[in-house]
There are 2 protein chains.
Amino acid sequence: MPYSIGQVATQTGITEYTLRFYDKAGLLPFVKRNAAGRRQFSSADVDFINLISCLKDTGMSLAEIKNFVDMSLAGDVTLPQRLALFKRQQQAVRQQIQDAETRLAKLDHKVRFFQAACDAGSEAAVTGQCVLPVVPAAAETPDHSA
Amino acid sequence: MPYSIGQVATQTGITEYTLRFYDKAGLLPFVKRNAAGRRQFSSADVDFINLISCLKDTGMSLAEIKNFVDMSLAGDVTLPQRLALFKRQQQAVRQQIQDAETRLAKLDHKVRFFQAACDAGSEAAVTGQCVLPVVPAAAETPDHSA
DNA sequence: CCTTGACTTAGAGGCTACTCTAAGTCTTAT
DNA sequence: ATAAGACTTAGAGTAGCCTCTAAGTCAAGG
């Protein structure tokens with residue numbers, strides 16, 4: 001028992017507009033139509049759409065995803081390429097996590113800085129305790145601007 | 001000794017175009033000009049630009065960053081708001097890391113699936129061992145397509 | 001003086017990924 | 001039969017973020 005586009009939109013949280021957009025873009029070549037030309041999604045289709053969402057969230061562009069879809073349609077010959085693609089994406093996500101952790105550390109630093117500044121009631125009071133400068137402080141230099 | 005826009009571009013990896021774009025967008029109101037109207041970046045400016053990069057990488061929009069810049073210029077009154085902003089962004093990044101880990105697990109699963117499929121030489125051979133279906137398999141159903 | 005090259009501006013163009021409108025078709029219930 | 005509501009298409013519009021062009025200014029070297 002197939003699903004309509006509206007039902008899939010509800011299930012996946014992707015709007016009908018976007019689903020049609022993906023279809024137009026060649027990301028959903030497997031979706032069947034009924035006699036009236038309406039899309040009929042199987043639950044395997046829905047699962048695949050969720051996979052697309054997942055890939056997109058890892059930072060894969062629609063073009064790359066289309067590439068993967070095309071490979072999938074091409075059959076078993078492309079298995080090694082698809083394996084390679086997922087390994088690459090795996091690495092990419094690992095890198096993303098590392099980068100995010102680096103940024104988190106910077107944010108932690110900032111939070112400590114602003115906590116101290118808030119407690120002290122002024123930024124100038126804690127400047128110098130923080131490596132990351134905030135706006136060339138109006139408080140720090142006597143100011144000789146125009 | 002101040003830096004030119006070209007030097008800052010080299011140092012930060014942000015193109016001159018983008019730096020000017022950021023300036024136009026009000027993200028760099030602190031950058032001074034020389035008599036000829038050319039931008040002169042201090043090293044504090046460069047540090048701040050790196051902070052902007054960092055915030056952008058955490059998913060903050062330029063509009064939000066502008067908001068932060070404006071608050072910084074407004075002085076110590078906005079310290080609590082800035083603290084709150086960084087705390088929010090900290091939480092956002094923690095969430096991003098969690099989400100990335102969830103996706104990484106899915107990718108790991110996919111890699112295992114395709115590794116098995118590659119070893120077996122066909123997708124059909126390992127289908128059913130994987131929750132995430134790949135394209136409504138040409139291999140699984142007898143196929144009655146056009 | 002004149003060229004080279006780094007800078008200035010305003011504004012046009014481009015890319016990705018939607019998001020929506022318009023006009024029309026199909027399905028279902030009353 | 002007809003009205004409501006979910007669907008169809010092509011194509012225009014939007015948002016965010018650059019990216020570049022054109023035309024001009026300025027400083028230093030030959």
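Proteins come first, then strands; the chains are lettered A, B, ... in the order of their sequence lines, and each starts at number 1.
No engagement by A:Thr15 is indicated, since no non-hydrogen atom pair under 4.0 Å with the nucleic acid exists. In this structure, A:Ser4 reaches the sugar-phosphate backbone alone: every heavy-atom distance under 4.0 Å involves primed, P, OP1 or OP2 atoms, never a base. Using a 4.0 Å heavy-atom distance criterion, A:Arg39 is classed as a sugar-phosphate-only contact.
Between B:Arg20 atom CZ and C:dG11 atom P the separation is 16 Å, expressed in whole Å. Atom CG in B:Leu28 sits roughly 12 Å away from atom P in D:dC18 (whole-Å rounding). Per the geometry, CG belonging to B:Leu19 stands 13 Å off C1' belonging to D:dT19, to the nearest Å. Computed from coordinates, the A:Ile52 CD1 to C:dA17 C1' distance equals 14 Å when rounded to whole Å. Between A:Asn34 atom CG and D:dC7 atom P the separation is 11 Å, expressed in whole Å. Put simply, CD1 on A:Ile65 is 11 Å from C1' on C:dA17, counting in whole angstrom units. Regarding A:Tyr17, its OH atom lies at a distance of 11 Å from the P atom of C:dA22, rounded to whole Å. Atom CG of B:Leu27 is separated from atom C1' of D:dC18 by 13 Å (rounded to the nearest Å).
Proximity note for B:Arg33 (side chain, C-beta onward) versus D:dC26, D:dA6, C:dT8: the nearest is C:dT8. In the set C:dG11, C:dC18, C:dA6, C:dA6 carries the atom at the smallest distance from any side-chain atom of B:Arg38. Listed nucleotides: C:dA17, D:dT21, C:dT19. Nearest to the side chain of A:Thr18: C:dT19. When distances run from any side-chain atom of B:Ile5 to the nucleotides C:dC7, D:dC17, C:dC26, the shortest one goes to C:dC7.
B:Phe68 has its side chain within reach of B:Leu51: a pair of non-hydrogen atoms, C-beta onward, lies under 4.5 Å apart.
Comparing A:Gly6 and B:Met60, the nucleotide of DNA chain D nearest to each residue sits closer to the 5' end for A:Gly6. Toward the 5' end of DNA chain D, the nearer of the two residues B:Phe21 and A:Gln40, judged by each one's closest nucleotide, is A:Gln40.
The side chain of B:Lys24 contributes no N or O atom lying less than 4.0 Å from OP1 or OP2 of D:dT19. Residue B:Tyr22 places none of its side-chain N or O atoms closer than 4.0 Å to OP1 or OP2 of D:dC17.
Note on A:Arg112 versus A:Asp108: no salt bridge recorded, every NZ/NE/NH1/NH2 to OD/OE distance being 4.0 Å or above. Remark: B:Asp99 does not engage B:Arg94 in a salt bridge, criterion side-chain N to carboxylate O under 4.0 Å.
Geometric assessment of A:Lys110 against the ring of A:Phe113 yields a positive cation-pi assignment under the 6.0 Å and 45° thresholds.
The nearest pair of heavy atoms linking A:Leu73 to A:Pro29 is CD1-CG, 3.4 Å.
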